[in-house]
Every structure is written in C-alpha cells, then in structure tokens.
Colleague: 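Could you have a look at this structure, given as structure tokens, before my questions?
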Amino acid sequence: MSTGSISSDKIDLLIYGPVRPILENGFSDHFVVHKAETRGDLERLTPAIRDKIRGVAVTYHTVRADKDSLSQLPGIEMVASFGVGYDHIDAKYAAEHNIIVTNTPDVLTEEVADVAMGLLISTVREFIKADRYVRSGLWQTQNYPLSVGSLRDRKVGIVGMGRIGQAIARRLDASLVPVVYHSRNPSKDVSYKHYPDLIEMAKAVDTLMVIVPGGASTDKMINAEVFKALGPRGVLVNVARGSVVDEQALVQALKSGTILAAGLDVFAAEPSVPEELKSMQNVVLLPHIGSASVVTRNAMDQLVVDNLKSWFAGKAPLTPVAETPFKGR
C-alpha cells in the first residue's frame, strides 16, 4: 500500500515493515512517505513509485531487505534499519551498489543489558517457578524450597563484547560476579580475560550470556559441543538472535541434563517457540523484549528518522554500519 503522490521536487521514502507513529509522522512536507508492511506490499507498489524511492526505513528484523527487495528500488540511496542487529539487511549487496545502511546502536544498549541481567537472575533463582508457587496457593500450606541456583558461586562468559556485552559486564561487576569473554578479537575497551576459543571459555565458566550479531558467521555457534563443555551446572542466556543457538541441540542438552537451565529472549523461528522448550520448568522464555520499552523503542524509531533526514539534508549518516560505503560528505 502507498500514501502520498509522486512529486519531482520531493524525496520519496518507503517505510518497509510495521508502521509506528514516529516513523509515519517524523518527516516534513519535503518528503513523500510510502508504506509496505510486507514483501507482498512492496511488490504491489507500482514501478513508477519504486523508481522514485530514494530512502527506506526497515522497521523490524522480520522484514528482510535482501538483494531481491533492494534491486526493485533502482534509485535507493539509504536503508535505515531499526535495531542494532542488521542481519536482515543485505549489507554486502548494499555496499556493492553504494547504498548507505544505518542501524540504531547505543540508544538500546542499557535497555537490552537490563533485560539480559534480569533474565539471568530469573533463570538462576527460578523466579518464574516461585511466582507460580505463590499464585497456586501452595505457600499457604508449605515453605518454598531453597533455590538450587545462585549468582554467588558463578562465573559468566559473555559471547560478544560490543556495546551491549560491555553494559552486561558492568552489571555483573556490580553484582560481584566474575566475567570473561569470547570474541573474534580482544576488545581494547575492557580488562576482562579474553578467550579466542569458545569451547575453552565454556569449559572455564558455568554461565554463558550471548550477545553477538546474527548472520552466517554466527549461525548455530552455540551448539552441542558448547553445551557439553559448559557442563551440568551450565546456564545459557541468549539476548542475541535465535539463529546463534542450535535450538534442537539446546532442547536435548536441557532434557539430558547436559546443562542446567536456559533463559531465552530470542528464538530461531519467531514467534514460534518449540513446544519442548515451553514445557520445561528450567527455561525462562521472553517474547523478544530486549529493547521493548516505550522510551527505548521511541528512541530507536527517532534514530531511523534522523539518519534519513540527515542524509537527505546533504549531511553524513549518523550511525552507518561497518559495511557501508560512506567515505565522507
């Protein structure tokens, strides 16, 4: 579907994905805003409109701006993506065709780190189980059993030490929990011990917190071998992408006692979640809410708008991704 009319003296933009007020109303009369909530909507835009579109706001990771989508927009200059992860954007194709790609880092860092820490504590201390215990009325007739898990005797290995990984580590520092990390290269900004080998780190800790980008390079990197190395006290917390974890291997590891528990905010085929995970009492499940507060999502939407407005005002993109061809303006 589309709104507005084609005008040669205005800049045509496309909102691709779910439409929210800041995105819909954030542009001045100098812009013509079109909408396509699905791939089918995109393909139903007339060739005349697609030829005019110069900028695209991709509003959620479930909408893929792949080669096939981008190639339908011959005049495109920028893709402004909502979220810090951009594995749903074909950044390589964009770079090869001089298309700027931006994301929304920083504005969601602390929010996601809060959720990661809350998910860890909820999983280790079994808060969901305790909540159900109170609601069931059992507390009125018997004492609640002591929690098996605690942060006091744990060592956390963070998989990924970017902005969010560092924010999680700060929270663990405040909780007096030892931290180490795995990444392709050591981070210059931290003093925690770096493990170049993920398996070796998993053997050295009992808790893994995952916050790496999605995509081919991290697909199912947390697999059966990692779970075996983590061991029977092991706890996995994933606030990255569902694709990063081998979901079936995780199910088997939990069923067999290879690891103890898991806290998950993301899944391989959202919003579908394996029934086996939903039936387990040692798993805490969240509906991908890492950045899902009104204040943070509004800030992310505004950064999408601001990136597009900056570019079409003749200025630099505010938050270009690493692959983007921008060289200065």
Side-chain angles (χ1 to χ4, degrees), residues 17-18 20 22-23 58-64 80-89 102-125 127-128 151 156-172 174-175 177 179 181-183 207-215 218-222 235-245 247 250 261-274 277-278 283-304 319 321:
R20 295 180 294 274
I22 289 176
L23 292 161
V58 178
T59 65
Y60 205 54
H61 69 93
T62 52
V63 178
R64 299 196 64 80
S81 181
F82 172 91
V84 66
Y86 54 95
D87 49 301
H88 56 303
I89 311 293
T102 63
N103 63 344
T104 59
D106 298 322
V107 293
L108 52 66
T109 296
E110 302 302 329
E111 198 77 80
V112 176
D114 286 346
V115 169
M117 194 66 182
L119 189 53
L120 172 63
I121 295 172
S122 295
T123 302
V124 171
R125 290 295 309 275
F127 283 170
I128 307 302
L151 289 184
V156 172
I158 299 178
V159 184
M161 192 52 78
R163 295 176 179 89
I164 299 173
Q166 291 177 39
I168 293 170
R170 291 197 306 272
R171 286 156 174 76
L172 290 165
S175 298
V177 178
V179 173
Y181 74 101
H182 163 74
S183 59
T207 308
L208 287 182
M209 300 186 73
V210 185
I211 184 63
V212 293
T218 59
D219 187 59
K220 296 183 180 179
M221 70 180 295
I222 309 299
V235 171
L236 171 74
V237 172
N238 186 15
V239 290
R241 284 280 195 258
S243 61
V244 174
V245 173
E247 213 160 65
L250 172 61
L264 308 170
D265 185 42
V266 290
F267 305 91
E270 297 175 8
S272 297
V273 177
L277 286 177
K278 289 193 282 188
V283 181
V284 177
L285 308 171
L286 300 181
H288 202 149
I289 59 169
S291 63
S293 71
V294 171
V295 63
T296 295
R297 287 288 173 87
N298 283 349
M300 293 164 68
D301 281 342
Q302 189 61 55
L303 186 50
V304 170
T319 50
V321 304

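Small disclaimer: the values here were computed from a predicted structure and weren't measured.
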Colleague: So, do Phe267 and Leu285 sit near enough that their side-chain heavy atoms are less than 4.5 Å apart?
Modeller: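 Heavy-atom side-chain distance check passes, below 4.5 Å.
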
Colleague: In the structure I gave you, are the side-chain heavy atoms of Val107 and Gln302 within less than 4.5 Å of one another anywhere?
Modeller: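 In short, these two side chains do not touch, never coming nearer than 4.5 Å.
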
Colleague: So His88 and His61, would you call those rings parallel, tilted or perpendicular, with 30° and 60° as cut-offs?
Modeller: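 Answer is perpendicular, since the angle exceeds 60°.
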
Colleague: Within the 4.5 Å heavy-atom criterion, are Val112 and Ile168 side-chain neighbours or not?
Modeller: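 Contact flag for Val112/Ile168 side chains = no.
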
Colleague: Are Ser183 and Ile158 side-chain neighbours, meaning at least one heavy-atom pair lies under 4.5 Å?
Modeller: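 No - every pair of side-chain heavy atoms lies 4.5 Å or more apart.
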
Colleague: If you take all heavy atoms of Ser291 and Leu108, which pair is closest and at what distance?
Modeller: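 Residues Ser291 and Leu108, closest heavy atoms: CB-CB, 4.0 Å.
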
Colleague: So, using side chain to side chain donor-acceptor pair (under 3.5 Å) as the criterion, who are the partners of Ser293 when residues are at least two apart?
Modeller: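 Once residues adjacent in sequence are excluded, the partners of Ser293 under the side chain to side chain donor-acceptor pair (under 3.5 Å) criterion are Glu111, Thr296.
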
Colleague: In the structure I gave you, are the side-chain heavy atoms of Thr59 and Arg20 within less than 4.5 Å of one another anywhere?
Modeller: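 Sidechains of Arg20 and Thr59: in contact.
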
Colleague: Heavy atoms, side chains only, cut-off 4.5 Å: are Leu250 and Leu236 in contact?
Modeller: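 They are in contact (side-chain heavy atoms under 4.5 Å apart), so the answer is yes.
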
Colleague: Under the side chain to side chain donor-acceptor pair (under 3.5 Å) test, which residues partner Asp219, sequence neighbours left out?
Modeller: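 With sequence neighbours excluded, Asp219 shows a side chain to side chain donor-acceptor pair (under 3.5 Å) to no residue whatsoever.
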
Colleague: Can you list the residues that meet the salt bridge (Lys or Arg N to Asp or Glu O under 4.0 Å) rule with Glu110, with sequence neighbours excluded?
Modeller: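 Checked Glu110 against salt bridge (Lys or Arg N to Asp or Glu O under 4.0 Å); matches are Arg170, Arg171.
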
Colleague: Backbone N or O of Asn103 within a donor-acceptor pair of the Thr319 side chain at under 3.5 Å?
Modeller: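 Yes, because the side chain of Thr319 sits within donor-acceptor range (under 3.5 Å) of the backbone of Asn103.
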
